[in-house]
Amino acid sequence: MSSPLTQSLNPEQARATTLPNEHALILAGAGSGKTRVLTTRIAWLLQQGHVGAGGILAVTFTNKAAKEMKLRLTSMLPVNVGAMWIGTFHGLCNRFLRAHYKLAGLPQTFQILDTQDQLSAVKRLCKQFNIDDEQYPPKQLSWFISACKDDGKRPKDVEANDSATRKKVELYQLYEEQCQREGVVDFAELMLRSYELLRDNDELRSHYQRRFQHILVDEFQDTNKLQYAWLKMFAGASSSLFAVGDDDQSIYAFRGARVGNMADFVRDFSVQHQIKLEQNYRSYSNILDSANELISHNQRRLGKNLRTDQGAGEPVRVFEATGDLAEAKWVVDEARQLYREGQNGDSTRGVPRRSEIAVLYRSNAQSRVIETALFNAGVPYRVYGGLRFFERAEIKHALAYLRLMENPLDDTSFMRVVNFPPRGIGARSIEQLQDAARSAGVSLYSAVHHITGKAGTNIGGFVAKIDVLREQTVSLSLSETIKLVLEHSGLLEHYRTEREGADRVENLEELVNAAESFVTIEGFGKEAQALPDGAFQQADSEDEVMSPLAAFLTHAALEAGDNMADAGQDAVQLMTVHASKGLEFDAVFITGLEEGLFPHENSQSDADGLEEERRLMYVAITRARKRLYLTHSQTRLLHGQTRYGIKSRFLEELPEECLRWITPKNQGFQSNFNTPSAYKPYEDWPARKSISEAAPSLAPKASDVQGLQKGMKVFHTKFGEGAVLSLEGAGLDARAQINFSRHGTKWLALSVAKLTVI
DNA sequence: TCCAGCCACTTTTTT
DNA sequence: AGTGGCTGGA
């Protein structure tokens with residue numbers, strides 16, 4: 001307890017950090033020093049001699065978090081982080097499967113399919129079996145397969161009561177066979193295969209259970225069913241599972257995360273100590289109180305209230321714009337002002353760097369307007385999200401050549417580059433090859449010998465080229481190998497002659513650099529090195545070190561890299577709310593706070609969806625340290641159409657005393673239009689339209705709203721005749737659901753829509 | 001076989 | 001509006 005490691009911790013943090021060897025759940029609110037507690041606990045356990053480095057298993061969701069944890073640990077203690085298992089779920093599964101590839105039934109050179117690869121594998125499968133892709137869209141199939149695996153289900157475990165599901169399960173089965181034949185695993189398979197291996201192999205399981213005395217999990221609220229089961233497999237009778245999470249920040253239910261794992265954990269492991277970290281070190285109280293008040297509207301919570309010792313700080317500013325461009329311009333002006341004040345040395349009002357300003361939005365489509373405004377104002381910015389380095393087409397092409405050299409069974413990679421750059425191998429030749437491969441039961445690569453004629457010659461040339469590349473590079477370094485492949489594959493040449501290919505050539509050159517720094521910084525083969533205690537040598541060959549190329553390919557699949565846009569320059573940060581999780585900024589702008597957008601219309605149908613949206617808003621608010629701005633717009637261009645938005649309900653759920661409305665509150669579009677407002681708009685009012693499509697809210701109730709009643713026939717200037725289905729809200733928020741004879745059912749805001757009773 | 005133009009799609013995302 | 005995938009003509 002008196003360790004200097006824990007001296008600067010508050011009592012709750014110190015208690016969590018120094019818990020005895022037992023299972024524990026730490027409810028760590030936003031900005032409460034969660035990562036600090038996690039790393040300090042590991043350091044403390046090691047320092048007190050409770051466990052050796054080899055006995056630690058620490059799991060995170062992102063590579064960034066894993067890296068951060070390792071970095072902080074090395075700064076706390078002189079410790080060999082390589083001896084600990086610290087990494088992402090998938091990274092650790094990879095390490096595990098590489099060590100026991102034989103037991104797992106995988107080739108040593110197994111390749112990892114990312115989401116794109118998985119989709120193309122599914123498409124190939126569907127084509128082969130003549131699946132109607134209208135009825136079974138490959139994307140959905142791919143999603144279905146991943147969802148089954150995330151649920152821990154093999155095809156035989158999936159309950160199929162209708163013919164469509166039975167078909168999907170059948171395809172899932174075929175997909176599995178295809179992957180197995182080709183020696184590839186997708187992301188979910190990494191998890192499921194490791195889980196099953198542990199479950200079914202008693203000797204292996206007890207070995208690992210004895211080994212890992214302390215298992216620590218970050219962001220526990222984001223674990224899915226399989227990940228929780230996986231953790232349970234590793235946790236033996238003498239292991240302690242230390243889970244850190246925040247149910248209020250669970251925003252990934254849509255991809256299978258189960259907040260319920262927190263309650264299950266408490267029950268399954270008879271957790272004695274649940275410690276709440278409620279002291280927030282990040283935000284001023286106006287911001288924190290807003291977050292607390294907002295999240296209190298959620299019913300299903302474990303319950304937690306953040307407090308701060310910092311003062312009230314600036315009020316949260318709310319701005320209503322007339323249009324999305326005006327909104328963006330206002331944000332940019334305000335951001336510049338903050339930066340200017342920071343430059344003048346005013347650290348309470350301004351921000352020292354542009355990178356301390358974040359502009360958040362609910363969906364990616366909203367970034368464009370903000371980018372335009374920033375660009376026009378000459379403000380440097382950086383957009384997160386979008387394609388990352390290893391996901392770019394040219395990089396994936398290059399990697400496909402490399403993967404094929406490493407594992408000729410990989411048909412996905414074969415298909416990607418067999419005719420890229422174009423070398424006269426068309427659909428017919430490919431079909432011939434696929435038929436031959438299928439009837440001989442071999443890979444496309446080895447089926448080339450069965451093909452004769454022109455197709456045979458062309459494809460034969462391609463295969464020969466791969467063989468030659470493999471031989472030529474056998475004694476070359478990794479970066480030299482890649483350089484040679486880029487030249488001899490014709491990829492560089494192809495992009496050099498392409499009009500818009502300069503960026504792609506640059507990226508390919510960057511790939512060579514990435515390989516160089518991978519070897520020097522990361523070392524290679526690290527993932528597959530021997531277990532320290534040397535167990536299981538009889539069963540598997542943990543001592544066989546991966547080739548640098550194999551390690552690099554794994555790295556590329558598991559860590560897609562940054563999107564490398566303007567790194568280095570001090571720039572305003574643009575990202576979705578999801579992407580902002582785990583980050584913090586001096587100033588945060590949350591934009592597009594309109595019904596249907598945030599909360600998003602697709603999430604409003606059920607209460608759970610709405611609660612997740614609210615948690616999303618909670619995450620967004622708690623990113624801010626000093627200044628928080630909330631903006632919404634009366635009109636917005638979305639998918640090429642003007643939409644009229646209603647102010648988000650979340651704005652109403654914030655404590656009034658923390659807010660300052662820059663524009664008068666409760667001004668609907670109508671009243672603004674009639675009474676030119678006190679503030680000066682950035683642009684002229686948009687041409688008036690009489691449509692407003694608002695999302696339905698949860699419970700329609702009112703029977704008579706603004707002279708309308710259910711069942712009335714109405715006329716609308718654009719949609720024509722219709723019947724009122726339901727009514728809700730009052731005053732400026734009043735809405736009517738109307739079934740138009742020619743345009744279907746729509747929700748209209750009565751303050752905007754021009755309706756006549758007929 | 002290749003390229004151009006047309007059509008459908010559009011919440012959030014890590015590995 | 002913008003993009004990615006697919007079809008049909010050269």
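Below, chains carry the letters A, B, ... as their sequence lines are ordered, and counting in each starts from 1. Values reported hereafter were calculated over all heavy atoms of this structure, with side chains retained and with hydrogens, waters and symmetry mates removed.
Comparing Ala427(A) and Ser363(A) by the nucleotide of DNA chain B whose heavy atom lies nearest to each, the residue mapping closer to the 5' end is Ala427(A). Residues His578(A) and Arg428(A) both approach DNA chain B. Their nearest nucleotides, taken by heavy-atom distance, put Arg428(A) toward the 5′ side.
Here the side chain of Thr576(A) is nearest to one of dT3(C), dT13(B), dT11(B), namely dT13(B). Closest contact between the side chain of Glu391(A) and the listed nucleotides dA1(C), dT15(B), dT12(B) involves dT15(B). In the set dT11(B), dT15(B), dT3(C), the nucleotide with an atom closest to the side chain of Arg368(A) is dT3(C). In the set dT14(B), dT11(B), dT15(B), the nucleotide with an atom closest to the side chain of Arg255(A) is dT14(B). Of all nucleotides listed (dT15(B), dC2(B), dT13(B)), dT13(B) comes nearest to the side chain of Ala579(A). Out of dC2(B), dT15(B), dT12(B), the shortest distance to the side chain of His90(A) is found at dT15(B).
Closest heavy-atom contact between Arg193(A) and Ala104(A): NH1-O, 2.8 Å.
Rounding to whole angstrom units, CZ of residue Phe220(A) and P of dT14(B) are separated by 21 Å. Summarising the geometry, the separation between NZ on Lys139(A) and P on dC9(B) is reported as 10 Å, rounded to the nearest angstrom.
Note on Asp114(A): nothing from the nucleic acid sits closer than 4.0 angstrom, heavy atoms only. Here Phe61(A) lies in heavy-atom contact (under 4.0 Å) with sugar-phosphate atoms only. Residue-level contact check: Phe89(A) touches neither bases nor backbone, having no heavy atom under 4.0 Å from any strand. No engagement by Leu637(A) is indicated, since no non-hydrogen atom pair under 4.0 Å with the nucleic acid exists. Residue Asn419(A) is in sugar-phosphate contact alone, with no base atom involved, counting any heavy-atom pair closer than 4.0 Å across all strands shown. The residue Asn63(A) sits close only to the backbone: its heavy atoms come under 4.0 Å of sugar-phosphate atoms, none of a base.
The base of dT1(B) lies outside donor-acceptor range of the side chain of Ser429(A), with no N or O pair under 3.5 Å.
Looking at Ser146(A) and Gln118(A), their side chains do bring a donor and an acceptor atom within 3.5 Å of each other. A side-chain donor from one of Thr412(A) and Arg124(A) sits under 3.5 Å from a side-chain acceptor of the other. No hydrogens or angles considered: a donor-acceptor pair under 3.5 Å links the side chains of Asp186(A) and Tyr175(A).
Taking the six-membered ring for Trp and the full ring otherwise, Phe598(A) and His632(A) have centroids separated by 6.0 Å or more.
Within a heavy-atom distance below 4.0 Å of DNA chain B, no residue of residues 119-127 of chain A is found.
Within the 4.0 Å cut-off from OP1 or OP2 of dT12(B), at least one side-chain nitrogen or oxygen of Asn364(A) is found. Contact between the side-chain N/O atoms of Arg388(A) and the OP1/OP2 oxygens of dT14(B) is found at a separation under 4.0 Å.
Among residues two or more places apart in sequence or in another chain, the side-chain hydrogen bond (donor to acceptor under 3.5 Å, both in side chains) test is passed with Ser363(A) by Gln366(A).
At a threshold of 4.0 Å, the pair Asp150(A)-Lys225(A) does not count as salt-bridged, since none of the basic side-chain nitrogens sits closer than that to a carboxylate oxygen. Using a cutoff of 4.0 Å between basic side-chain nitrogens and carboxylate oxygens, Lys64(A) and Glu68(A) are not scored as salt-bridged.
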